[in-house]
Every structure is written in C-alpha cells, then in structure tokens.
Amino acid sequence: MYRAALAWLLAFACAGAAAQPSALAQVMQRLSAVKASTVRFTEVRRIAALTKPLELSGRLSYVRGGAIEKIVESPYRERTTIDGDTMVVDPARGEPRRYGLRGHPAAWAFVEGLRATLGGDLATLERYYRVSFSGGADAWTLELAPRDEDMARYVEAIAFRGSGADILSIRVSEAGGNSSMMTLRPGSS
Amino acid sequence: MTLRSRAAVLVWIALLAASVLLVSRARITSDFTAFLPARLDPDQALLVHQLREGVAARMILIGISGADPRALAQASRSLARRLSESPQFAYVNNGEARFGAADRALVERWRYLLSPAVAPVRFTAVGLRASLERAIEELASPLGSMLAARIAADPTGEALHYLESLPAAGPATREGVWFSPDGKRALLVAETRAAASDLDAQARAVKSVRSAFAATAGAGDASLTLSGPGVFAVESRELIRADASSLSLIAGAAVLALLLFVYRSAALTLACFVPIASGILAGIALVSLAFGSIHGISLGFAAILFGEAVDYPSYLFIHNQPGDSLHATLARVWPTLRLAVLTTVLGGLSMLLSSFIGLAQLGLLLMTAILAAGLVTRYVLPEIAPAKPVAVARLEPLLAWSALARRRRSVRAGALLALALVATAAALRPGPMWNDDLGKLNPIPDAERRADERLRAELKAPDVGAVIVVRAPGREQALERSEALEPALRGFVRDGLIAGFETASEILPSESVQRERRAALPDARALRRALEEAERGLPFRPGLFEPFVRDIERARDGPLLGPEDLRGTGLGVKLHSLLFPLRGEWIALIPLRGAADPAALAPKFDALDAPGARLLDLRRETSRMIGRYRGQTLELTALGVAAMFVLLAWGLKSAGEAARVLFPVLLAAALETAALPLLGAPLSLFHLVALLFVVGTGLNYSLFFNRAPRDPDERRRTLLSLTVCSLAVLCSAAALSLSATPVLHAIGVTVLLGTPLALIFSAAFGRERA
C-alpha cells in the first residue's frame with residue numbers, strides 16, 4: 001500500500017546526500033532556503049496493470065511548513081493535497097477521498113522524513129534512507145533507498161536530479177513493476 | 001429467667017448469628033435503575049435495557065488535555081493502542097481509523113451484498129465503462145500502486161460505496177486523532193464489553209483506563225478526563241458507600257453521646273443499641289436475601305433508623321420508675337409501644353408494595369428493622385438490661401420546650417395558620433412541585449456533570465435522546481421494517497428535521513435486500529462480455545479483471561450475510577447495539593442525531609404510519625415513568641395512612657381516639673409537604689419515603705401523649721422519653737442531611753424538619769391532662 005504515494009511524496013524531497021559532504025551540505029542549505037514554489041511538470045507513469053504508459057501534466061506546488069499540492073491538468077483533472085497527516089485526492093468526477101497517513105507507519109515515516117528534508121534536516125533524512133550523492137552543487141544526483149523494510153516493500157529507489165536549489169527530475173521505482181518519471185520545469189508556473 | 005424468656009434470648013442470638021452471616025456476604029449495588037419500577041411496559045423495558053446495557057451507557061468518554069497538540073495526539077495514540085489490546089473493551093476509537101482491519105476484511109468479502117449501489121445496470125458494458133475510466137485515473141494517482149489490487153478485484157468500488165454510505169459522526173481530527181474544536185483536548189471513546197449495570201466490571205474498566213494513561217509515555221503534563229454513565233455509576237457508588245458508612249458512624253456517635261448523657265450508664269446506653277443493631281442486621285440480611293443485593297441508598301437509610309429505633313428501649317428505660325422491675329414497666333408501656341411499632345411497620349408496608357425495587361427494599365428494611373427492634377425490646381431487653389431508673393430532675397432543662405406545648409391554644413392556631421399560609425405559598429410558587437429526573441438522584445457534582453456534557457458534545461457521542469424504536473416478531477422483520485424507514489428518514493435529514501440517523505439495516509441489509517442484490521449480479525459469461533465491451537480502447541492489461549469476475553461469481557453462488565459473520569468487528573459491535581432481542585421480540589433502534597424540534601418531528605413521523613415503529617424521547621419517557629410511579633407511591637401512602645388509622649382504632653378501641661392520635665401527625669406532614677418545595681428542593685420520591693418515616697415516629701409521640709399516665713412522675717417520664725427520642729432522631733437526621741447524595745440529603749432534611757413539628761403538634765393536640 002501507498003507505494004506510489006510514497007514514491008510521489010518523495011518526489012518533493014529535494015534533498016542532499018553524504019558522498020561529498022561539502023556539496024551535499026550546500027545543496028541542502030539551498031533547498032531549505034526555498035520558502036514556496038510552483039512548477040509545471042510532465043510525468044510518465046508506467047503501471048503494471050496498463051499496457052501502455054500514461055502521460056500526465058500539470059503543476060506542483062510546495063509551501064514550507066504547509067500543504068504540498070499536485071494538480072493534474074491533462075489528460076484529466078485531479079488535485080492531490082497533503083496537509084499534516086492527511087492526503088486528499090479530489091478527482092474532477094467523483095467525491096474527494098481522504099486518507100489518514102498515520103495509520104500506515106511506512107507512509108507516515110516517509111512524510112515525516114520528507115518534511116525534515118524540506119526543512120534542511122539531513123539527520124532525519126538519513127534516519128529513513130540510505131543516501132548517496134554524486135556530482136556538484138550545480139549538477140547533482142541524489143539517490144535514496146528506504147531503510148525501513150515496510151517502506152521498501154513499496155518503494156525500491158528514488159532518484160533526484162537537480163541544479164542548485166532547482167529539482168529537474170524525480171524518478172521513482174516501485175516494487176511490482178510500477179514507476180514514475182517526472183520532469184520538472186523550474187521557473188514555470 | 002423463665003423458660004420462655006430464656007428461649008426468646010436464644011432465638012434472638014441464633015437469628016442474630018444468621019443475620020451477621022448473611023450481612024457479611026451482602027452485595028452492595030448503586031445501580032440507579034434499581035429505582036425504576038420492576039413491572040414494566042415494553043417502552044419502559046427498552047428504556048431500562050438501554051440504561052443498563054445500551055451502547056451509550058457502556059461508552060467511556062475520554063479527554064486528554066493540558067499539553068501541546070502534538071503531545072496530546074501522541075498520548076491519545078498510545079492510550080488507544082493499550083486499550084484496544086485489553087479484553088475489557090469491545091471498541092476503542094480515537095479517530096485514527098474509522099474502520100479496523102477486521103471491518104475492512106469483512107466488507108471486502110461481502111461487498112456485493114452490502115453495497116447499496118449494487119444494481120443490474122452497474123454491471124452492463126455502459127455501467128462498467130464509467131467505472132473503468134475512473135479506474136485509470138485512480139491507478140495513475142499517487143495512491144495508484146496501493147489501489148491496483150483493489151481495482152482489479154473491485155473496479156466498481158463497492159466496498160468503498162458501502163463504507164461511505166455509513167453515517168460518519170465524529171469530531172474533527174488534528175494530528176491524526178480526534179480533537180475538541182478548540183484544539184485543547186484529544187478525544188477518545190472506549191466501549192466496555194460489560195454492561196453499564198455491572199459496576200464491578202465498570203470499576204475495573206475505569207481503573208484500566210487510568211493506569212493505561214499513567215503508563216503512557218509523555219503523559220507527564222497532560223491530564224485525563226473520564227466521563228460516561230459507567231464512570232458516573234462507579235463514582236456514585238464510591239460516594240454513596242463512603243457517605244453511608246461515615247454517616248452511620250456520625251449518627252451512631254451522636255446518639256451514643258446523647259444516651260450516655262441521659263442514662264449516665266454504659267450498660268443502659270449499650271442496651272439501647274441492642275434492639276436497633278439487631279433490627280438493622282436482620283433488615284439488611286432479609287433485603288439481601290430477598291433482592292440478591294442491597295442498594296447503597298438503603299444502607300444510608302439504615303442510618304436514620306438508628307434514630308428511630310433507639311426510641312423503643314428509651315420508652316422502656318425512661319418509664320422505669322424507682323422500685324419497678326423492667327418487666328413491670330414493660331407491662332404498663334407495652335400496649336402503647338406495640339401500637340407504635342405496628343403503625344411504623346404499616347408505613348413500611350406501603351413502601352414494600354411499591355413497584356420500585358429501590359422503594360421496596362427500603363420498605364422491607366424498615367419493616368424488618370422496626371419489627372425486630374420492637375420484639376427485641378419486648379422479649380430480650382428485660383432479660384439482659386439492668387433496672388436503673390433515670391433521675392428526671394437532672395434532665396429538667398431538656399424539657400424546657402414543653403412550655404411551648406402547654407400554650408396549646410396558640411400552638412394549635414399557629415399550626416393551622418402556618419399550614420394555610422405555606423400551602424398557599426406553595427400553590428402559588430412557580431416551577432414543578434415534583435422532581436422526576438432520575439439523573440438528579442446521582443451524587444455526582446455539577447461540575448463533573450457539565451464536563452460530561454461538554455465531552456459528549458465535542459465527541460458527538462450518541463445521546464440518550466430521540467430514538468425510533470422498531471419492533472418485530474423476528475430479526476429479519478425488524479431489519480426490513482427499519483430498512484423501509486430509511487428513505488423517509490433521509491427526507492427528514494434533507495428537510496433539516498434531524499441531522500442524521502443510524503440504522504441496523506444500513507450495516508446489515510435484510511435478507512430480502514441481499515437476495516435482490518445477489519440477483520443483480522451477472523453470470524461469468526455475461527460479465528466477461530460486458531467487460532470486454534467496456535474495456536475497448538482502454539489500455540488495461542488483458543485478464544486484469546479476472547479477480548473481479550471470480551468475486552462476482554463467488555457472491556452469486558455464496559450464502560447471505562448474517563449477524564454472526566460480523567462477530568469480532570467494529571461493525572458487529574455497532575449492529576449489536578442497534579438490533580437485539582428483548583422480551584421475546586426483536587428491537588431495531590434508530591437513534592436520531594440533532595432532532596432539534598421534536599414537536600415538529602412527531603407529526604411527520606406519525607404520518608409515515610410505519611408498522612411496529614414508534615418515536616420515543618427516552619429522556620422524557622424516563623421522567624414520565626418516574627412520575628407515573630410516584631403517583632402510585634402516593635396512593636400507597638394514602639392507603640398506608642388509612643391502614644394505620646384502622647390499626648389505631650383497633651388498638652385504642654375507639655375511632656375518635658385514633659383520629660385524635662393521627663391528626664397532629666398528619667398536620668405536621670402536610671405542613672412539611674407544603675414547606676419543602678419552598679425551601680428550594682422540588683419533592684422527589686425520597687421525600688415521600690422520609691415523610692412516611694416522620695409519620696411513623698410522629699405517631700409514637702402522639703400515642704404516648706394520648707396515653708393516660710399513672711402519676712405525675714410518669715407523665716414527666718413520658719415527656720422526657722419523647723424528648724430524648726426526638727433528639728436521637730434529630731441527631732441522625734442532621735447527619736444524613738450532610739450527605740452529598742441528593743437522596744440521603746433529602747431524607748435527612750425532611751426528617752430534621754418534620755420531627756420537631758410532629759412532636760410539638762402531638763403535645764399541643766394531645767389529650768389534655770392536669
């Protein structure tokens with residue numbers, strides 16, 4: 001459960017790593033300085049249940065200490081919000097559904113880890129993931145592998161590519177053959 | 001000692017030993033439903049069932065406050081986990097998850113019989129197409145991987161349809177758990193497995209909650225508030241127990257001091273306690289034998305009997321003149337004393353006949369104790385007590401009040417005038433004369449009552465308020481009748497007549513509805529064909545929906561869902577509270593939430609003319625029931641007084657004499673009945689009990705005042721004995737009036753006021769002798 005949720009949530013974890021402490025620290029510091037942002041994204045979603053990948057596009061927004069929002073605009077409309085411990089999925093057709101994240105330790109560990117990361121808290125991030133960092137502050141790759149077995153059952157690996165405080169792509173590999181490759185366009189909104 | 005008297009003493013000792021044995025095993029209860037009638041009509045039976053067994057009655061409401069929200073939420077989670085591990089609780093919820101794993105598994109398994117959306121059109125190509133388009137979005141959503149297996153088996157989302165069709169009443173969540181609107185208190189509910197009337201189990205449950213909270217990490221600053229009927233019942237039992245035992249001690253000590261002062265003899269003082277101690281022991285033994293247990297309030301009432309029954313030995317000892325043996329004194333006093341004992345016993349009889357178990361207990365206790373005390377005074381005391389005449393002269397100051405009684409004309413006129421004035425004032429006084437609220441019998445302080453109301457409102461917990469009761473001869477019919485009401489009830493919600501409702505049939509549909517749903521499911525071939533058509537142009541992997549086809553097939557061929565399948569789930573607990581057998585029929589309850597205007601609702605409900613269904617306001621029903629039986633008690637009291645009159649006429653061999661004896665006592669009782677509501681307390685049943693007691697003791701006074709004394713010394717001894725007796729009653733009544741338990745307090749105040757009135761009126765209206 002929550003495999004994709006975790007993967008997706010992690011997509012917001014604009015985080016630093018341990019390989020080159022100085023570059024990692026620099027990236028972390030710059031990420032934590034971000035107070036709010038909204039960017040356009042395109043996502044290629046490969047789902048085991050479907051014979052061909054889905055291409056989604058829309059907007060992502062983040063406010064430090066507040067809600068994280070993913071708005072799909074094409075090929076259909078859907079708004080997903082994470083606020084505190086609750087995820088709300090609001091499809092254009094159908095009623096919004098609310099999911100409590102606390103009931104699922106893996107999901108909750110992830111959300112807590114994510115928030116710590118966004119706040120520039122490397123120590124907390126490392127409590128949840130094995131972190132590897134490569135490249136320099138201007139072109140970096142951050143790879144995360146969940147430490148928690150429960151969570152590893154859903155998410156195999158997450159990789160961010162970025163430049164400075166900008167995240168350029170997020171790749172999430174899920175167990176069971178699902179994956180997501182999200183490309184972000186910093187500066188767009 | 002003669003052989004006969006020796007036999008009497010031996011019988012007394014044997015009975016005493018048997019009583020002690022029984023009393024040592026007596027079980028004390030404080031279940032306030034004991035003060036409900038024993039013979040019940042169906043509505044009342046349901047009411048009592050709800051008060052004793054109902055879910056609302058078994059719910060412990062829990063609030064945690066006094067720390068920051070994060071710490072409170074942490075404590076709430078930890079407490080909820082500990083409590084759900086305990087076998088004492090059937091259901092624990094702090095808002096983290098509405099449905100547990102067992103509920104989800106149940107719904108998953110039975111979804112095609114449970115979901116209200118199941119209909120033939122849903123499984124046609126057109127119906128499926130809409131579901132499948134939505135399924136793609138769900139798969140692509142952040143929760144897609146989590147939902148994949150569910151979508152393959154349940155693409156039409158029947159499990160969710162069912163769960164979402166159930167009413168969700170609960171407070172808002174914060175940090176993932178329920179919180180009060182101001183965010184200062186984390187909220188939980190825990191439902192005990194034991195009935196609310198099983199006080200020992202309730203006490204254990206309350207203790208478990210407290211110790212689980214104490215063991216909760218980080219609960220340091222936070223404080224725990226517990227509420228709910230069970231919690232209150234446990235607390236009142238403690239309060240009443242403490243009250244009853246300490247008050248009995250205080251009353252006993254005060255009376256002891258008085259008697260020591262009067263007799264200046266340890267032997268006589270001790271002997272004074274022998275009859276009443278025997279009587280109370282015998283009374284408690286008989287009550288617990290007859291009723292299986294004794295109510296805390298009955299025990300508290302025993303305290304006042306201390307005052308009454310030391311009377312009998314006092315009449316004997318004080319009338320004992322120098323040179324007389326106790327036997328000789330007894331020979332002179334006994335005819336009057338016998339009448340005094342018998343009239344009081346008659347007063348108890350009218351309580352014993354009451355439909356209220358509690359009153360019947362009090363009646364039996366009173367009758368047994370008084371009769372036993374009378375018999376012990378007559379047959380045992382002369383054998384074991386010394387003859388030590390009291391020096392009346394020393395106690396002359398105690399008789400000062402009798403100067404008042406000698407001004408007979410003024411007292412008589414004053415009494416009648418006071419009665420007229422007070423009765424007029426009472427009649428003109430606004431507000432109800434009677435208090436029929438059962439809850440007010442609880443000794444729970446008002447502050448805690450308010451805390452309970454607040455917690456209840458914050459938790460949106462079920463309140464014992466408006467409810468529709470559906471009756472049927474069988475379970476299925478009850479479910480069907482309840483089901484038939486649902487559309488009309490939804491209309492009521494739309495019209496704003498009610499905020500919501502809960503039915504058993506929403507949880508467990510009737511078999512006929514389940515059959516209808518089962519018949520709506522297509523066979524595997526038809527379903528595959530419809531799926532194929534619906535999937536056209538959508539990128540689903542071939543064979544993805546095989547689990548769906550398999551599950552529909554299984555539901556088509558499978559059995560219907562019965563209540564036993566819900567065992568061990570939260571839904572099962574809920575169902576059980578809404579659907580249960582009672583006295584040979586089945587009851588389906590439909591609690592209504594937020595019925596703001598019952599007067600507007602009632603005609604709309606009546607217009608439905610639903611078979612077997614009645615709209616009840618449980619709170620009003622309780623008061624009505626108490627009121628009705630209060631009327632019965634009044635009738636019994638009147639009958640009791642009439643019986644006393646007959647007994648007096650027989651004993652005094654003159655109806656005129658009997659009237660003369662009875663009149664001042666009834667006058668005192670009437671004056672007091674009118675005066676009590678003016679003093680602030682509307683009358684309750686228990687005032688009535690206390691009034692009966694006042695009449696009983698008052699008759700003692702009146703009988704002795706009307707008895708012809710042998711000489712002036714005896715006349716003064718009579719006056720002294722009555723003075724001492726009424727002082728003894730006042731001592732115990734004063735102790736009782738200190739009680740925090742409203743019932744005991746009411747009895748105390750009534751006796752405290754009535755006894756002096758009865759004494760003075762008896763003196764003023766009694767036969768005039770030089």
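Here the structure is a predicted model, which means the values were calculated and not measured. Just so we're on the same page: letters track the sequence lines, and every chain starts at 1.
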Go through the structure and list residues passing salt bridge (charged side-chain N to carboxylate O under 4.0 Å, His left out) with Arg161(A), not counting sequence neighbours. none

Arg122(B) atom CZ: more than 12 heavy-atom contacts under 6.0 Å: yes

If you count every heavy atom of other residues, nucleotides or ligands that lies below 6.0 Å from Glu55(A) atom CD, does the total exceed 12? no

Residues 131-138 of chain B vs chain A, non-hydrogen distance cutoff under 4.5 Å, contacting residues -> Glu133(B), Arg134(B), Ile136(B), Glu137(B), Glu138(B)

Applying a strict 4.5 Å limit to non-hydrogen atoms, the region of Ala148(B) in contact with chain A is neither

Using non-hydrogen atoms only, which part of Leu50(A) is less than 4.5 Å away from chain B: side chain, backbone, both, or neither? both

Nearest heavy-atom neighbours spanning Arg45(A) and Leu139(B): NH2-O, 3.7 Å

Got a sec: does the CZ of Arg150(B) have more than 12 other heavy atoms crowding it under 6.0 Å? yes

Which residues share a salt bridge (charged side-chain N to carboxylate O under 4.0 Å, His left out) with Arg490(B), sequence neighbours left out: Glu486(B)

Residues Thr51(A) and Pro542(B): closest non-hydrogen pair is CG2-CD, 4.1 Å

The ring-ring contact (aromatic ring centres under 6.0 Å, His included) partners of Phe545(B) (sequence neighbours excluded) come to Phe540(B)

